[in-house]
Amino acid sequence: MSRTKILVTGGAGYIGSHAVVELYEAGFQPIIVDNFSNSQESALRGVEEILGVRVPLHRIDCNDAEALRAVFAEEGSLRGVIHFAASKAVGESLQKPLEYYQNNVGSLLTLLQVMREFGVEALVFSSSCTVYGIPDALPVTEQTPTKKANSPYGATKQMCEDILRDVAAAPGNTLRTILLRYFNPIGAHASAKIGELPLGVPQNLIPYVTQTAAGIREQLTVYGDTYDTPDGTNIRDYVHVVDLAKAHVVAVQRLLDKQGETVETFNVGTGRGNSVLEVVHAFERATGQKLNYKIGPARAGDVPAIYADVTKSVEVLGFQTTTTLEESLASAWKWQQTLGK
Ligand code: NAD
Ligand code: WQD
C-alpha cells in the first residue's frame with residue numbers, strides 16, 4: 001500500500017528532522033521542503049541512516065509561491081503539511097524584525113494560498129509557549145490568555161495563530177489545523193544520528209550545557225538566581241524532541257481522520273517544571289560529567305517560570321511524553337559526543 005504523503009517544511013531542522021523520522025516510522029511518506037537557512041544537508045544523511053531510505057527533498061524557500069506550487073504539483077496527492085519552517089532566534093528577531101515577520105508570517109501566508117489551490121486540507125503548525133508571555137498562573141492551559149509578545153519572534157507566532165483561527169472561521173473553509181505550542185524541546189534521537197545543530201554560540205540552555213561539558217565553552221552562566229522560584233532560577237518545561245516529534249504524528253492522524261474542531265490548540269510539554277539548577281544537576285547525574293557553571297545576572301526578557309498543563313493533550317489528542325529529564329539530557333550528551341569539538 002502506498003504511504004500517505006505529508007509535506008514537512010523545515011524538515012531538515014532540529015525538530016523537523018526528528019518528525020520526519022517518526023512520520024516515516026509510523027507509515028507516512030514525509031516530503032521535505034527546506035531552504036537550509038538554518039540547517040545542513042548532513043542532518044538528512046542522519047535521517048537516511050536511521051530509516052534506511054532517502055526521504056524526498058525539495059530545496060526551496062517557502063516564501064517562493066511558484067517553487068512551492070511546483071512541489072505540490074510534482075508530488076501530487078499531498079494529504080497534509082507540517083509547517084516547521086521559520087526563523088526562531090528570539091534575540092536575532094529584535095535585530096531583524098522585518099526578516100522575521102517576512103519569513104515566519106509571509107511563509108505561512110504563501111503556504112496557505114498554495115494549499116488552498118491544491119486542495120490540501122490538513123495543517124500542523126509549530127507554535128510556541130512564548131505566546132503566553134509571563135503567565136499569571138501556573139501551569140498554563142491552552143485557555144491561559146496570551147500576553148503581548150516581548151520579541152518580534154513571539155509576535156510572529158501569535159500572528160500566525162490568529163491567521164489560522166481566522167481562516168478556520170471563514171465561511172466555506174475546508175482547512176483543518178492543529179496548533180502545537182511547544183515548550184522547551186531538548187535532546188536528540190537515541191541513535192545520535194540527528195540532533196540540534198546550533199550555529200555559533202548557543203543561546204539555549206541545553207546546547208550550552210553540552211558544549212561546556214565537551215570543553216567547547218569554558219563555563220555555563222546560570223542567568224539569575226533571585227527569581228521567585230524555589231531555588232531562585234528560572235523554571236521551564238523541557239520536552240524531549242522525539243516525544244515532541246511523535247505529537248506531530250498523532251496530530252496529523254487526527255486531522256486526516258477529521259476528528260475535533262477545524263482549529264485546535266494543544267500544549268506539548270511534559271507537565272513538569274524544572275529549574276536551571278535542577279537541569280544542571282540532572283545533567284551531572286545522567287552523564288557523570290561535572291559541569292563548570294557560575295551564577296550570573298538575569299537575562300533580559302526571561303520569563304521567570306512556565307510549564308504546561310497537558311490535560312488537554314492527554315485527554316483530547318491522546319498524547320503523552322514518556323522521556324524523563326535525565327534521559328533527555330543523556331541523549332543530548334550522546335549527540336554532543338558524536339559532534340565532537
Ligand atoms: P530549526 O531552525 O532547526 O528548523 C527550521 C528549519 O526551517 C531549518 O531547517 C531552516 O533551514 C528551515 N527554514 C527556515 N525558513 C525557511 C523558509 N522560508 N523556507 C524553507 N525552509 C526554511 O528550528 P527548530 O528548532 O527545528 O524549530 C522548528 C519550528 O518550531 C519553528 O517554527 C520554531 O519557531 C518552532 N519552535 C521551536 C522551538 C525550539 O525551542 N526549538 C520552540 C517552540 C517552537
Ligand atoms: C532556558 C532557561 C535561561 C542559557 C527560548 C525562546 C522560546 C522557545 C524556546 C521558540 C532560561 C536559562 C539559558 C544559558 C541559562 N523557542 N539559561 N544560561 O528562554 O526558555 O526559550 O527557546 O519558540 O520562545 O524564548 O530557552 O534554552 O534559552 O533558556 O541560565 O546560557 O535557561 O535563562 O531560564 P527559553 P533557553
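Remember, predicted model here, so these are calculated numbers, not experimental data. Side chains included, hydrogens not; waters and symmetry mates left out as well; all remaining heavy atoms used.
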Give a yes-or-no answer on whether the side chains of [X] and [Y] include a donor-acceptor pair shorter than 3.5 Å.
X	Y	result
Ser126	Tyr182	yes
Asn63	Thr110	no
Asn267	Asp309	no

Pairing residues for Tyr24 by the ring-ring contact (aromatic ring centres under 6.0 Å, His included) criterion, not counting sequence neighbours: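 For Tyr24, no residue satisfies ring-ring contact (aromatic ring centres under 6.0 Å, His included) once neighbours in sequence are set aside.
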Under the ring-ring contact (aromatic ring centres under 6.0 Å, His included) test, which residues partner Tyr208, sequence neighbours left out? none
Please answer: with hydrophobic residues joined when any side-chain heavy atoms are less than 4.5 Å apart, are [X] and [Y] in the same cluster?
X	Y	result
Val55	Ile194	yes
Ile32	Phe36	yes
Val263	Phe319	no
Ile206	Val276	yes
Leu112	Val124	no

Hey, mind stepping through Gln289 and Thr212 against side-chain contact (heavy atoms from CB on, under 4.5 Å) and telling me if it holds? CA-CA 10 Å; Gln289 298 294 310; Thr212 304; over 6 Å; no
Considering all heavy atoms of both residues, which atom of [X] and which atom of [Y] are nearest to each other, and what is their separation?
X	Y	result
Thr233	Gly224	CG2-O, 3.5 Å
Ala247	Val268	CB-CG1, 4.0 Å
Thr130	Gly154	CG2-CA, 3.8 Å
Thr287	Ala330	CG2-CA, 4.4 Å
Ala137	Val140	O-CG1, 3.8 Å
Pro30	Pro56	O-CD, 3.7 Å

Please name all residues satisfying salt bridge (Lys or Arg N to Asp or Glu O under 4.0 Å) with [X], sequence neighbours left out, ordered by chain then number.
X	answer
Arg69	Glu66, Glu117
Glu261	none
Lys290	Glu284
Lys88	none

Looking at side-chain heavy atoms only, is the closest gap between [X] and [Y] below 4.5 Å?
X	Y	value
Leu68	Phe118	no
Ile235	Leu138	no
Glu48	Val53	no
Val201	Arg217	yes
Asn234	Thr229	no
Trp335	Leu197	yes
Arg254	Phe266	yes
Val303	Pro135	yes

Determine whether a donor-acceptor pair (N or O, by modelled atom type, separation under 3.5 Å) exists between the side chain of [X] and the backbone of [Y].
X	Y	result
Asn274	Val279	no
Arg176	Asp257	no
Lys334	Ala190	yes
Ser331	Ala188	yes
Asp243	Thr322	yes
Asn150	Gly301	yes

Thr270 vs Phe183, side-chain contact (heavy atoms from CB on, under 4.5 Å): CA-CA, chis, key distance, verdict: CA-CA 9 Å; Thr270 64; Phe183 282 67; over 6 Å; no
Using the side chain to side chain contact (heavy atoms under 4.5 Å, CB included) criterion, which residues pair with Lys148? Sequence neighbours excluded. none
What residues, two or more places apart in sequence or in another chain, satisfy side chain to side chain contact (heavy atoms under 4.5 Å, CB included) together with Gln219?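 By the side chain to side chain contact (heavy atoms under 4.5 Å, CB included) rule, Gln219 matches Asn292, Lys294.
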Neighbour count above 12 (heavy atom, 6.0 Å) for Asp228 CG: no
Does atom CZ of Arg45 have more than 12 heavy-atom neighbours, drawn from other residues, nucleotides or ligands, at distances under 6.0 Å?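 Open.
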Step by step, work out the side-chain contact (heavy atoms from CB on, under 4.5 Å) result for Gln253 and Phe28. CA-CA 10 Å; Gln253 193 59 60; Phe28 291 97; 3.2 Å; yes
Rounded to the nearest 0.5 Å, what separation is found between the OG atom of Ser93 and the CG atom of Asn104? 8.5 Å
Between atom CD of Gln29 and atom CZ of Arg79, what is the distance when rounded to the nearest 0.5 Å? 14.5 Å
Could you pull out all residues at least two apart from Ser2 that satisfy side chain to side chain donor-acceptor pair (under 3.5 Å)? none
Check which hydrophobic residues are tied to Tyr100 through side-chain heavy-atom contacts below 4.5 Å, counting indirect links as well, and list them.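 ILVMFWY cluster around Tyr100 also holds Val90, Tyr153.
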Do the charged groups of Lys312 and Glu142 touch, with an N to O distance under 4.0 Å? no
Run the side-chain donor-acceptor check on residues 158-173: report pairs under 3.5 Å with partners two or more places apart or on a different chain.
| unit_1 | atom_1 | unit_2 | atom_2 | d |
| --- | --- | --- | --- | --- |
| Gln158 | NE2 | Val131 | O | 3.2 |
| Gln158 | NE2 | Lys147 | O | 2.6 |
| Glu161 | OE1 | Arg165 | NH1 | 3.2 |
| Glu161 | OE1 | Arg165 | NH2 | 3.3 |
| Glu161 | OE1 | Arg181 | NH2 | 2.7 |
| Glu161 | OE2 | Ser127 | OG | 2.6 |
| Glu161 | OE2 | Arg181 | NE | 2.9 |
| Asp162 | OD1 | Arg165 | NH2 | 3.1 |
| Asn173 | OD1 | Leu175 | N | 2.9 |
| Asn173 | ND2 | Ala168 | O | 3.4 |
| Asn173 | ND2 | Leu175 | O | 3.0 |

Report, one line per pair, each donor and acceptor closer than 3.5 Å where one atom sits in a side chain of residues 4-19; sequence neighbours left out.
| unit_1 | atom_1 | unit_2 | atom_2 | d |
| --- | --- | --- | --- | --- |
| Lys5 | NZ | Glu75 | O | 2.7 |
| Lys5 | NZ | Glu75 | OE1 | 3.1 |
| Thr9 | OG1 | His83 | ND1 | 2.7 |
| Thr9 | OG1 | Phe84 | N | 3.1 |
| Thr9 | OG1 | Ala85 | N | 3.1 |
| Tyr14 | OH | Ile186 | O | 3.4 |
| Tyr14 | OH | Gly187 | N | 3.2 |
| Tyr14 | OH | Gly187 | O | 2.7 |
| Ser17 | OG | Gly13 | O | 2.7 |
| Ser17 | OG | Tyr14 | O | 3.1 |
| His18 | ND1 | Tyr14 | O | 2.7 |
| His18 | NE2 | His189 | N | 3.1 |

